[in-house]
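What follows is a short report on a single structure.
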Amino acid sequence: MKVEANKVVKIIYELEIGGENEREMLEIVQDDEPMVFIQGMSGLPEAFEAQLNGLQAGDEFKFSIDAAEGYGDPDPEAIIDFPIENFKIEDGEIPEGMLEIGNMIPFSNDEGNRMNGRIVEITEEFVILDFNHPLAGQNMHFSGKVLAVRDATKDEIAHGHVHGEGGVVH
């Protein structure tokens, strides 16, 4: 069975970021916790899914995605200042360990969409959060292997995610 739309795909991979000459290993996904997703519904960049189309279980892959085809360039308007008062709880204190550079803070926008902001700076009055995707502006280099491909169930397609092993259990 080949990777195509509405197929559940299970892969392992290594992800490096950077240019051709200087790269940094960012993530290694191995057999014990493979990545499992529905092709066409993964939320991954289209260029990533396009590289997997037509592969089958046992096929290896190696490809690069430049920043523009990945998560785009960082948007300066996605860096937002929040008054530090917003992070204080009922007793007027900030929970210990919450406000540290690099911490991800979950938010919801006006439409109820969940998003994470990464703390990039803390002043006496403000917490500056970056809502850009962590890989915005990065060239990504993948190498890996397709472990399995199967048809997604009607429920998985309706819900937009994989159920069971490697997916959501509900």
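These figures come from a predicted structure and were not determined experimentally.
Summarising the geometry of I84 relative to T123, their closest heavy-atom pair is CD1-O, 3.7 Å, with the distance given to 0.1 Å. The two atoms that bring M140 and L135 nearest to each other are SD-CD1, 3.6 Å, heavy atoms only. When all heavy atoms of V146 and Q56 are compared, the pair lying nearest together is CB-O, 3.5 Å. When all heavy atoms are compared, the tightest approach of S108 to R114 is OG-CG, 4.1 Å. Nearest heavy atoms, F61 versus I12: CZ-O, 3.7 Å. Between L147 and P34, the shortest heavy-atom distance links the atoms CD1-CB, 3.9 Å.
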Under 3.5 Å, sequence neighbours excluded: what are the donor-acceptor pairs made by side chains of residues 63-78?
| from | atom 1 | to | atom 2 | distance (Å) |
| --- | --- | --- | --- | --- |
| S64 | OG | H141 | ND1 | 2.6 |
| D66 | OD1 | A68 | N | 3.2 |
| D66 | OD1 | E69 | N | 3.0 |
| D75 | OD1 | E77 | N | 2.9 |

Inset, instruction - Could you go through the side chain to side chain contact (heavy atoms under 4.5 Å, CB included) check for V127 and I105 one step at a time? - result: CA-CA 11 Å; V127 177; I105 307 289; over 6 Å; no
Legend entry - Test side chain to side chain contact (heavy atoms under 4.5 Å, CB included) applied to L44 and M35, step by step: CA-CA 12 Å; L44 297 164; M35 179 183 206; 3.4 Å; yes
Inset, instruction - Just do the side chain to side chain contact (heavy atoms under 4.5 Å, CB included) check on L52 and F37 with the steps written out, would you? - result: CA-CA 12 Å; L52 298 180; F37 59 93; 3.6 Å; yes
Inset, instruction - Would you sort out whether M41 and I157 count as a side chain to side chain contact (heavy atoms under 4.5 Å, CB included), showing the intermediate values? - result: CA-CA 8 Å; M41 299 181 165; I157 292 169; 3.6 Å; yes
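L129 pairs in a side chain to side chain contact (heavy atoms under 4.5 Å, CB included) with only one of the listed residues (I80, I119, N103), which is I119.
By the neighbour-count criterion of 12 heavy atoms within 6.0 Å, atom CG of D110 is sparsely surrounded, having that number or fewer from other residues, nucleotides or ligands.
One finds a salt bridge joining D151 and K7 here, because a Lys/Arg side-chain nitrogen approaches an Asp/Glu carboxylate oxygen to under 4.0 Å. For the pair R150 and E156, the salt-bridge criterion is met [side-chain N within less than 4.0 Å of a carboxylate O].
Residues I38 and M1 do not share a hydrophobic cluster, defined by chaining ILVMFWY side chains whose heavy atoms lie under 4.5 Å apart. Connection of F126 to F82 is not established within any shared hydrophobic cluster, with ILVMFWY side chains joined at heavy-atom distances below 4.5 Å, either directly or through further cluster members.
Side-chain contact annotation: N53 with Q39, donor-acceptor N/O pair under 3.5 Å present.
Remark: side-chain polar atoms of E14 are not paired, donor with acceptor, to backbone N or O of S143 under 3.5 angstrom.
Applying the side-chain contact (heavy atoms from CB on, under 4.5 Å) rule to E124 yields no partners; only residues at least two apart in sequence or on another chain are considered.
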